[in-house]
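Remarks on the structure that follows.
Please read these numbers as outputs of a predicted model, since none were measured by experiment. Proteins come first, then strands; the chains are lettered A, B, ... in the order of their sequence lines, and each starts at number 1.
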2 protein chains.
Amino acid sequence: METISSIYNPEPQQEKLPDISIDCLVFGLDNGRLNVLLAKHRDGIRQGQWALPGGHIGKLEDLDSAASRILQEVTGAQDLFLEQLRAFGAAGRFPDARVITIAYYALVKQEEYKVAAGGPASDVKWWDIHEVPELVYDHSDIFNHGLKTLRHKVRHEPVGFNLLPEKFTLLQLQELYESILDVKLDKPNFRRKMMNMKLLVDCNEKQQNVAHRAAALYRFDESVYQALTEQGFSFEV
Amino acid sequence: METISSIYNPEPQQEKLPDISIDCLVFGLDNGRLNVLLAKHRDGIRQGQWALPGGHIGKLEDLDSAASRILQEVTGAQDLFLEQLRAFGAAGRFPDARVITIAYYALVKQEEYKVAAGGPASDVKWWDIHEVPELVYDHSDIFNHGLKTLRHKVRHEPVGFNLLPEKFTLLQLQELYESILDVKLDKPNFRRKMMNMKLLVDCNEKQQNVAHRAAALYRFDESVYQALTEQGFSFEV
DNA sequence: GCAAAAGTGTTTGGTATACACCCATGC
DNA sequence: GCATGGGTGTATACCAAACACTTTTGC
């Protein structure tokens with residue numbers, strides 16, 4: 001198991017750019033609740049305060065690669081859904097020095113990746129998005145912006161699947177949208193909308209060991225989505 | 001009239017951050033054609049090549065303020081619609097040094113602001129978006145990304161008005177969408193859609209000196225939009 | 001009168017919504 | 001049987017698309 005080695009990388013393997021950092025908003029889903037991953041500062045003046053996991057960019061490193069590396073250092077996971085939000089660069093955002101940060105957000109299958117504290121973080125924890133504590137610097141702004149972006153994105157592009165297991169039921173998918181968008185959806189109508197898109201692939205399998213009628217399992221197939229997109233299809237929830 | 005003094009500011013008033021730059025995508029509308037503003041390098045190895053106007057960020061300057069200042073140096077205009085696109089940071093994007101650039105896009109009333117070459121730019125010119133030449137570095141990527149963002153944004157938020165004069169006709173507005181989205185729209189249906197939103201304010205004025213029936217003039221009112229938004233209204237074209 | 005654009009009316013088909021209903025399974 | 005969630009059917013209302021049509025103005 002990989003331990004966290006970021007916030008600010010204690011042993012740089014490569015010289016880093018001093019005035020640019022990366023901060024990651026990592027979203028996970030657990031029992032129909034949307035969570036975000038936070039790290040607690042172990043030392044210094046911000047000791048005990050919560051922050052987004054982050055780090056610095058190597059001089060020879062692509063921006064996206066740096067984000068991916070930093071995220072791997074936190075979750076131990078590779079090949080996550082990871083996308084840039086935008087840069088945050090108010091002059092006084094970081095009190096110790098002039099640092100512009102580039103924020104990323106990631107969607108992960110929470111149950112598949114265990115996280116552990118380490119390095120400059122004394123604790124790493126999933127927080128329900130409704131109960132996020134005060135964060136250091138402008139990290140609360142980044143969180144709010146990222147949540148807004150996620151809510152928009154998830155409605156217009158099929159990215160939500162990154163939060164679910166490979167095979168999922170329609171109810172799981174519906175609960176995903178309900179928890180991210182904070183709305184209640186009509187089951188029959190949601191089913192029809194999804195099925196009419198012809199985007200989901202039927203696994204021809206049923207749930208196991210459930211105390212009610214077993215639901216059909218579906219999966220999201222990127223190549224099906226590509227094919228539909230080329231025919232002018234546009235995802236919309 | 002202000003002249004261009006950017007691409008890279010020749011006389012820095014304030015120390016700049018060396019490894020971060022800003023590049024601006026400035027869109028304008030002229031006779032129903034969407035244009036973008038480009039600057040030609042006067043000196044150096046890239047002499048004669050076209051680029052997005054840009055500059056560097058002062059050590060004590062907010063990111064957004066820097067973009068606004070750079071844009072003012074190019075167009076002489078203040079209080080433009082200006083929004084961040086995202087950061088571009090591939091390791092090899094800028095051959096001379098490691099520089100991450102933060103791209104902005106702006107929407108301007110093209111006829112109101114004249115631009116002039118100066119500083120490190122030997123020429124500044126509006127280019128039809130369909131005829132944009134090869135650009136230096138990764139500026140073509142930024143252009144493509146920005147155009148895509150504009151096309152999305154203009155459909156979901158009332159930002160297109162920034163390209164039109166204060167008072168405009170419904171046909172002008174329709175042509176704006178047609179040129180940005182590269183589609184043909186049905187006049188009666190477009191009119192109805194716009195009017196049903198109850199977003200436009202009737203100026204109670206007519207066009208002057210036209211060789212046909214004079215159209216009614218409308219304007220966009222930010223406060224009307226705010227009020228509608230609070231009632232759950234969502235702009236959509 | 002004619003050209004050009006303003007502006008209105010109407011028909012049609014699709015689709016979002018609301019909600020009633022039946023089905024399968026474990027306890 | 002009953003609770004729980006799976007899954008289907010249907011009536012309504014609204015809205016987008018297509019297109020025919022009338023109105024106003026300058027020349």
Rounding to an integer number of Å, can you tell me how far [X] [atom1] sits from [N] [atom2]?
| X | N | atom1 | atom2 | result |
| --- | --- | --- | --- | --- |
| A/Leu217 | D/dG6 | CG | P | 11 Å |
| B/Lys206 | D/dG26 | NZ | C1' | 16 Å |
| A/Leu200 | D/dG7 | CG | P | 12 Å |
| B/Gln208 | C/dA5 | CD | C1' | 16 Å |
| B/Gln207 | C/dG7 | CD | C1' | 13 Å |

Is it true that the side chains of [X] and [Y] contain a donor and an acceptor less than 3.5 Å apart?
| X | Y | answer |
| --- | --- | --- |
| A/Asp64 | A/Gln84 | no |
| A/Asp23 | A/Tyr137 | no |
| A/Glu83 | A/Tyr105 | yes |

Has B/Arg192 got its NZ or CZ under 6.0 Å from the middle of the six-membered ring of B/Phe190, at an angle within 45 degrees of the ring axis?
-> no

Atom pairs and distances, side-chain donor-acceptor, residues 228-237 of chain A, under 3.5 Å, sequence neighbours left out:
unit_1	atom_1	unit_2	atom_2	d
A/Thr229	OG1	A/Tyr225	O	2.7
A/Glu236	OE2	A/His156	ND1	2.8

Does A/Asp138 use its side chain to pair, donor to acceptor, with the backbone of A/Asp141 at less than 3.5 Å?
-> no

Test item: B/Asp221 side-chain N/O and B/Ser223 main-chain N/O as donor-acceptor pair under 3.5 Å =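 Yes, because the side chain of B/Asp221 sits within donor-acceptor range (under 3.5 Å) of the backbone of B/Ser223.
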
Scan nucleotides 22-27 of chain C nucleotide by nucleotide, 5' to 3', and note B when protein non-hydrogen atoms come under 4.0 Å of the base, S if they reach only the sugar-phosphate, - if neither.
-> -BBBS-

Those residues of residues 170-196 of chain B lying under 4.0 Å from DNA chain D by at least one heavy atom | B/Asp186, B/Pro188, B/Asn189, B/Arg192

List in chain and number order the residues that pass ring pair (Phe, Tyr, Trp, His ring centres under 6.0 Å) with A/Phe143, two or more places apart in sequence or in another chain; answer none if no residue qualifies.
->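 Partners of A/Phe143 under the ring pair (Phe, Tyr, Trp, His ring centres under 6.0 Å) test: none.
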
So how far is it from A/Phe27 CZ to A/Leu163 CG, rounded to the nearest 0.5 Å?
-> 9.0 Å

How bent is the helix from C/dG1-D/dC27 to C/dC27-D/dG1, comparing axes over its five end pairs at each side, to the nearest 10°?
->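 Helix axis angle between the two ends: 10°.
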
Quick one: which residue pairs count as a side chain to side chain donor-acceptor pair (under 3.5 Å) with a foot in residues 202-216 of chain B, not counting sequence neighbours?
-> B/Lys167-B/Glu205

Might you work through the salt bridge (charged side-chain N to carboxylate O under 4.0 Å, His left out) test for B/Arg93 and A/Asp62, ending with a clear yes or no?
-> CA-CA 9 Å; B/Arg93 63 168 292 280; A/Asp62 287 340; over 6 Å; no

